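Computed from a predicted model, the values in this text were never measured in an experiment. Order of appearance sets the numbers: ligands from 1, and atoms from 1 within every ligand.
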Amino acid sequence: MKHETVVILDLGGSYTQLLARRIRELKVYCAILPHHASLAQIQALQPKALVLSGGMKSLGDQDALTVDPQIYRLGLPVLAIGYGMQLMANALGGVVRATAPRESSPTSLRIAVENNLFAGFEQELTVELSAGDRVETAPPGFTVLATTDRTPVAAMGNRDTRLYGVQFLPAALPSRHETTLLTNFLYKIAGLTGNWTPAAFIADAVQQIRETVGPNEQVVCGLSGGVDSSVAAVLVHQAIGDRLTCIFVDHGLLRKNEAKQVMETFTRLFKMKIIQVDAAAAFLRKLAGVSDPEQKRKIIGAEFIRVFQEEAAKLGPIDYLVQGTLYTDVLESGTAGTMIKSHHNVGGLPKDLKFKLIEPLNHLFKDEVRRVGEELGIPAELVWRHPFPGPGLAIRILGEVTPEKVELLREADAIFIDEIKKAGLYRDIWQAFAVLPDIRSVGVMDNQRTYAYTVALRAVTSRDGTTADWYRFPPEVLARIANRIVDEVPHVNRVVYDITSKPPSTIEWE
Ligand code: XMP
């Protein structure tokens, strides 16, 4: 590995992933290991610095999480955050006082001495700080860097050993300083150079794929049109050219023009070998008469795998399968490189196919995948496209899926997205789409009574899809969308907007 690596030891706080993203945004690669990682596991990554994430535990808890105290003697700079700082203080001879955790509140933080960690900070500023456990006395050799009225050691550091601790999360700092503290630690204290860029990642990944795949080996990739599989495929294609064959199964449940765009991008622009399978009729036949959402998912999942395997078998012996697995999937599963949440894998491939796996994105977060995609020259429209579920429009048509309903929904969805783009809002939204509930209602058009479908619109903001908030559109944008849908899509006389968040709703309606 050529890039500099920081290892984050995860002490269970919900902040760990966000911390990793922030560090990577500062152009430093970081990997998250569990707090109980052995010294050998940590050293195998050749880290240039360590970060101990915060956590909810208390040192006095029976099940208190710990790290191997030898990590403080590796000569590596350490930034220990929150509970991590208490752990470090305790291990190195400081005094920690355990008190019942309390809600965090805005607290005035005073910088005690000029120091590198707080370079660029004002003498006094407000942070969100909980008055629970705290370090009373810093360990020998440490200087108190910051205090508050109630917290004698709100930050501490030892310039010689480069061990630093802060009682608060960097995210609890005023937004102008959220990255200052991390930048100071990474650049001023650990002396890193910031060599984690999309271009560096691509160079590394391409080399690794070349070293992995033998000269006579064949690789296959299931292309879905989504950003993850697209970026993975282009990367592998850069590495091994025509030894990669992509299979694009069009199940007829994609968004408007999606199949055409995918084919054009990858055949014309990237000159990749792609087999397009037009399986729309087969999928719709299998779905006829089925209205249960889980049943639909099962049918689509099974049919997808059947079609893919049938096509792959025609190619002769295949050695590797490319998967667009992301770092979040790896972290979620707890063991490197295995299963994605089961329902999220519908429309994907099971892991027990008889191929070895290439997962070139399994160290990246979604936003990094997008940046890599841009660097590879994949068109912005594809790179920034909203996520789309494997079972496609089938789980946005409540009840039975028919070709007419698919067509109607696809048109309504295209108008919705078109107007969002025209209003310049597309990238503010995590996911926006139209839904066709199984509802017809009475309306009036050209003085005639109508009895026609209702289209529901869904748009949410989200960080990763696990929670979501409904998007606040300017009312005039919603009005334009509703007018156009009713005017342009036959058999629709009503449009409603979904104003529930997740939880309690989910993003998709099925
Ligand atoms: P929910 O509806 O669970 O969706 O709030 C969260 C995210 O997952 C996507 N999703 C799926 N993706 N197969 C997929 O590949 C599925 O069966 C599936 N169901 C939901 C959804 O679009 C959202 O981004």
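- By the 30° and 60° cut-offs, the orientation of the rings of Tyr29 relative to His3 is tilted.
- Of the candidates Arg484, Lys256, Lys405, Lys256 is the only one forming a salt bridge (charged side-chain N to carboxylate O under 4.0 Å, His left out) with Glu411.
- The nearest non-hydrogen atom to atom 12 (N) of ligand 1, considering only Pro503, Pro389, Pro387, comes from Pro389.
- In summary, the atoms of ligand 1 found under 4.0 Å from a heavy atom of Gly465, numbered by their order in the structure, are 6 (C).
- Relative ring orientation between His386 and Tyr426 is described as parallel, the plane-to-plane angle staying below 30° on a 0-90° scale split at 30° and 60°.
- Distances between N or O atoms of Ile507 and those of ligand 1 include at least one value under 3.5 Å.
- At least one N/O-N/O distance between Gly390 and ligand 1 falls below 3.5 Å.
- Checked against a 3.5 angstrom limit, the closest N/O atoms of Gln431 and ligand 1 fall inside it.
- The closest non-hydrogen atom to atom 22 (O) of ligand 1, taken over Arg396, Arg458, Glu508, Glu294, comes from Glu508.
- Against a heavy-atom cut-off of under 4.0 Å, Thr506 is close to the following atoms of ligand 1: 1 (P), 2 (O), 5 (O).
- When the options Leu393, Val489, Leu436 are evaluated for a side chain to side chain contact (heavy atoms under 4.5 Å, CB included) with Arg410, the one that passes is Leu393.
- Tested against Val220, the residues Val322, Leu244, Leu315 include a single side chain to side chain contact (heavy atoms under 4.5 Å, CB included) partner, Leu315.
- Among the atoms of Lys502, some N or O lies under 3.5 angstrom from an N or O of ligand 1.
- Ring geometry for Tyr471 versus Phe473: interplanar angle over 60°, hence perpendicular rather than tilted (30 to 60°).
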